[in-house]
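Heads up: the structure comes next, in structure tokens.
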There are 2 protein chains.
Amino acid sequence: MPVTVLLVDDEPLVRAGLRAVLEAQPDIEVVGEAADGAAVIPLVRQLRPDVVAMDVRMPLLDGIEATRAVLRTVDAPPKILVVTTFENDEYVYEALRAGADGFLLKRARPAEIVHAVRLVAEGESLLFPASVRQLAAEYGRSGGNRAARAAMDRARLTEREAEVLRLMARGLSNTEIAARLVVGTETVKSHVSAVLAKLGARDRTQAVIAAYESGFVAPG
Amino acid sequence: MPVTVLLVDDEPLVRAGLRAVLEAQPDIEVVGEAADGAAVIPLVRQLRPDVVAMDVRMPLLDGIEATRAVLRTVDAPPKILVVTTFENDEYVYEALRAGADGFLLKRARPAEIVHAVRLVAEGESLLFPASVRQLAAEYGRSGGNRAARAAMDRARLTEREAEVLRLMARGLSNTEIAARLVVGTETVKSHVSAVLAKLGARDRTQAVIAAYESGFVAPG
DNA sequence: GATCGTCTCCCCCGGCCGGGGGAGGCCCGT
DNA sequence: ACGGGCCTCCCCCGGCCGGGGGAGACGATC
């Protein structure tokens, strides 16, 4: 069955764009739209979407309040994907703390948008979407810390995964980690893949960065 | 004759604030504004300001690159006053090394801003205001792992290599770094290899760890 | 007992990574 | 004029990495 999505944005143009991008996917279906946060709750109850793509800055009720309201009042709430224009948007971190599952830049490429929707639908959190990385590179290092901490908290690593991440953050290769933990390299690869998925990291380097930025490991 | 100033910042609000503060002075005149680094060079050629108040973090072309570009391509270049939000901004030092004449915190009081503009216009350099001196002192001790710091000092990275390492420490792949620096991937690979060799790192992950441990990049 | 989560291991495979070696252009200092 | 960094780009190639998919074993919880 397809992933169902509810679009919430005050700009019709943005909604139309998201709809076009997402509807092009056979496994994604846009089941509704709302122009402000106040209309979200009844629509969520009625449509029961898997994912809500929610703008942060909206009239009446902003994305943060709407996120809190949905998570507080709806049983088996949908995943919330926060949509924003700026990567260094204070409201985005507020929304993540309010319980949103990931965020997405409006200027992201279509493939990245689709990827983000699928990921949150599967229950993953999104720390390092490619679009954010790129923008963070353009603006400097303003995007990181708080989002990193939030993502690390939300990651819910198992003990073994945390152990593997600590060794990754000391520069060990998969083979070396396997030797240290006295398991097979394939096992280590499984754990590493799980860590990457949970942190929304693309490779071990990004995972280590997230570990430092979140305070999971400390320098010195 | 008055001191003429060109404002370069991607945030209209910041430009408006600087303009208000500076225009209040009879001997200072704001002669132009730009929203990104790419627009700076033609404006400098056209307006020939005495001082350019340049943001470090900007889209398209950041303050460092813009500073280099201006100093390299303009005859009798203006004084460059780097404007930043954060005191511990790695980019600021980079900009100073690129030839900027001083820097200025956005949160500075109006009188300090005016003072800074007048000073650089007179040819003084503003490299170490109190806030930065303090931060440099903190870097001196809190910058973690002494061995890592020693290794980083011994490494003697070139400017380009340091730039590449910073981007590596943000999780960018070689391809992404190449796009950002507008060079070929082979070039990036050369720089990365040089960084790894100089730091004694086996792979990019270890290099990023060294960057964090040495304080070359700081979490938060 | 059945289900779930965790830890363990396996195969295939494409791709990025990093090593080695080379080379041309540029600016700078001797 | 000649070197010496530095930045740029090129080739070949082995290997580690990460994705996708699958599966068995164990304990806990319902």
Side-chain angles (χ1 to χ4, degrees), chain A residues 27 111-112 114-116 118-119 122-124 126-130 133 155-210, chain B residues 64-65 68-69 71-73 94 97-99 155-210:
Chain A
D27 60 329
E112 293 165 347
V114 170
H115 183 60
R118 288 211 186 94
L119 272 188
E122 289 165 9
E124 308 293 350
L126 270 170
L127 170 60
F128 281 110
R133 279 199 315 275
R156 299 229 158 263
L157 299 182
T158 69
E159 250 182 72
R160 208 52 160 170
E161 287 160 0
E163 206 170 357
V164 168
L165 177 55
R166 267 188 291 275
L167 294 176
M168 285 165 66
R170 291 173 58 175
L172 275 65
S173 68
N174 288 341
T175 306
E176 289 165 344
I177 294 173
R180 179 72 67 95
L181 299 182
V182 199
V183 297
T185 57
E186 295 299 327
T187 301
V188 174
K189 285 178 62 176
S190 290
H191 292 316
V192 170
S193 289
V195 169
L196 298 186
K198 287 184 177 179
L199 293 182
R202 183 182 51 193
D203 50 49
R204 68 202 298 111
T205 303
Q206 289 187 352
V208 169
I209 292 169
Chain B
I64 302 161
E65 295 298 331
R68 284 206 192 91
L71 297 180
R72 206 170 47 222
T73 65
E94 192 65 28
R97 278 199 294 277
R156 298 240 158 254
L157 299 182
T158 67
E159 250 183 74
R160 205 55 160 170
E161 288 160 0
E163 205 169 359
V164 168
L165 177 55
R166 261 188 296 278
L167 295 175
M168 285 164 61
R170 288 190 196 130
L172 274 66
S173 68
N174 289 340
T175 306
E176 290 165 342
I177 294 173
R180 165 114 175 92
L181 299 182
V182 200
V183 297
T185 57
E186 296 299 328
T187 301
V188 174
K189 286 178 62 177
S190 291
H191 292 315
V192 170
S193 289
V195 169
L196 298 185
K198 288 183 176 179
L199 293 181
R202 184 181 48 198
D203 50 50
R204 68 201 299 107
T205 303
Q206 290 188 351
V208 169
I209 291 169

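Basis for what follows: all heavy atoms, side chains included, without hydrogens, waters or symmetry-related copies. Everything quoted here is computed from the prediction, not taken from an experiment. Chain naming here is simple, since letters A, B, ... match the order of the sequence lines and numbering starts at 1 in each.
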Arg202(A) side chain near dG18(D) phosphate (N/O to OP1/OP2, under 4.0 Å):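 Checking Arg202(A) against dG18(D): no side-chain N or O falls below 4.0 Å of OP1 or OP2.
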Below 4.0 Å: OP1/OP2 of dC17(C) and any side-chain N or O of Asn174(B):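 For dC17(C), OP1/OP2 do have a side-chain N/O of Asn174(B) under 4.0 Å.
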Residue of the set Glu161(B), Arg166(B), Met168(B) for which side chain to side chain contact (heavy atoms under 4.5 Å, CB included) holds with Val164(B):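 Only one option passes, and that is Met168(B).
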Using whole Å, report how far [atom1] of [X] lies from [atom2] of [N].
X: Glu176(A); N: dC16(D); atom1: CD; atom2: C1'; result: 12 Å
X: Leu157(B); N: dC7(D); atom1: CG; atom2: P; result: 10 Å
X: Ile177(B); N: dT8(D); atom1: CD1; atom2: P; result: 13 Å
X: Gln206(A); N: dG19(D); atom1: CD; atom2: P; result: 11 Å
X: Asp203(B); N: dG19(C); atom1: CG; atom2: C1'; result: 13 Å
X: Arg68(B); N: dC26(C); atom1: CZ; atom2: C1'; result: 16 Å
X: Leu196(B); N: dG18(C); atom1: CG; atom2: P; result: 6 Å
X: Arg118(A); N: dG19(D); atom1: CZ; atom2: P; result: 16 Å

Donor-acceptor pairs are to be reported for all side-chain atoms of residues 180-195 of chain A against protein atoms at under 3.5 Å, with residues two or more places apart or in another chain.
| unit_1 | atom_1 | unit_2 | atom_2 | d |
| --- | --- | --- | --- | --- |
| Ser190(A) | OG | Glu186(A) | O | 3.3 |
| Ser193(A) | OG | Lys189(A) | O | 3.1 |

With distance as the sole test, does [X] use its side chain to make a donor-acceptor pair with the main-chain N or O of [Y] at under 3.5 Å?
X: Arg204(B); Y: Leu172(B); result: yes
X: Arg118(A); Y: Asp27(A); result: no
X: Asn174(A); Y: Ile177(A); result: no

B/S/- contact track for nucleotides 4-12 of chain C, protein heavy atom under 4.0 Å: --SSBBBB-
Whether over 12 other heavy atoms sit under 6.0 Å from Arg160(B) CZ: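 Correct, the count exceeds 12.
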